[in-house]
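One structure is given here, and the rest of the page talks about it.
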Amino acid sequence: MMTQQPLNQNLKTQAILKSVETGMDVYDITGDKFGEVDDLYFGAVGDEIVDGVEPATTSEAPVNAQDELIQDFAKALGGEDDLPEELRQRLLHDGYIRIDANGLFAADRFVLPDQIASVDDKGVHLRVARRDLIKR
């Protein structure tokens with residue numbers, strides 16, 4: 001069962017994702033560049049609409065049907081979706097950044113918003129090591 005985050009936490013994670021752009025360099029906690037932002041999804045804040053708060057958006061508007069969302073997510077994973085259901089739901093809810101990892105045999109990774117320490121003109125700086133990210 002996935003726990004709901006407080007509204008102000010959801011808004012905070014949405015704000016950090018909105019400062020990320022495709023093509024940005026990505027650095028792990030040690031400062032090593034290991035890839036670039038290949039794609040991002042802002043997630044879903046929830047079913048409730050709050051006065052004065054813009055709903056989350058994505059580069060491609062997701063279809064309301066849950067099956068189509070999961071199909072799109074599986075497509076983003078390269079067609080194979082072997083992630084546990086709870087993790088998949090968290091990525092869909094919270095949003096994510098997909099990293100195109102450098103190197104011939106390097107696996108692409110997914111970054112959750114709470115794994116991002118900061119975003120600046122150099123790129124996306126993570127608060128975790130590359131090995132702690134979700135592999136594609």
Practice prompt. Sequence neighbours left out, what passes ring pair (Phe, Tyr, Trp, His ring centres under 6.0 Å) with F34? Give chain and number order.
Written response: none

Response to the item:
d(D28 CG, R109 CZ) to nearest 0.5 Å is 10.0 Å

Response to the item:
Across all chains, not counting sequence neighbours, the side chain to side chain contact (heavy atoms under 4.5 Å, CB included) partners of E21 are M24

Fill in: Parallel, tilted or perpendicular, as decided by the 30° and 60° cut-offs, for the rings of F110 and Y96
perpendicular

Fill in: Heavy-atom side-chain proximity of I116 to L126 below 4.5 angstrom
yes

Fill in: D39/V37 under side chain to side chain contact (heavy atoms under 4.5 Å, CB included): CA gap, chis, key distance, verdict
CA-CA 6 Å; D39 192 21; V37 176; over 6 Å; no

Discussion item. Whether the side chain of Q115 engages the backbone of L112 through a donor-acceptor N/O pair (distance < 3.5 Å, no angle test) should be reported.
Written reply: yes

Item to complete: Could you state whether Y27 and V20 fall into the same hydrophobic cluster, counting links through intermediate Ile, Leu, Val, Met, Phe, Trp or Tyr residues with side-chain heavy atoms under 4.5 angstrom apart?
Response: no

Worksheet item: Under the salt bridge (Lys or Arg N to Asp or Glu O under 4.0 Å) rule, what pairs show up with a residue in residues 115-124, not counting sequence neighbours?
Response: none

Practice prompt. Output the distance between atom CG (L91) and atom CZ (R98), rounded to the nearest 0.5 Å.
Written response: 12.0 Å

Worksheet item: Closest approach of A101 and A107, non-hydrogen atoms and distance?
Response: CB-O, 3.2 Å

Discussion item. As an exercise, state the distance from CG of D114 to CZ of R127, rounded to the nearest 0.5 Å.
Written reply: 7.5 Å

Discussion item. When you compare the side chain of D38 with that of T22, does any pair of heavy atoms fall below 4.5 Å?
Written reply: no

Worksheet entry | Approximate separation, where rounding is to 0.5 Å, of D25 CG and K33 NZ | 3.5 Å

Fill in: Pairwise distance CG(D108) to CD1(I134) - rounded to 0.5 angstrom
13.0 Å

Practice prompt. Only counting residues at least two apart or in another chain, list the ones meeting side chain to side chain donor-acceptor pair (under 3.5 Å) with D100.
Written response: none

Worksheet item: What residues form a side chain to side chain contact (heavy atoms under 4.5 Å, CB included) with A129, not counting sequence neighbours?
Response: I29, R131, D132

Discussion item. Working to the nearest 0.5 angstrom, can you tell me the gap between L133 CG and K135 NZ?
Written reply: 10.5 Å

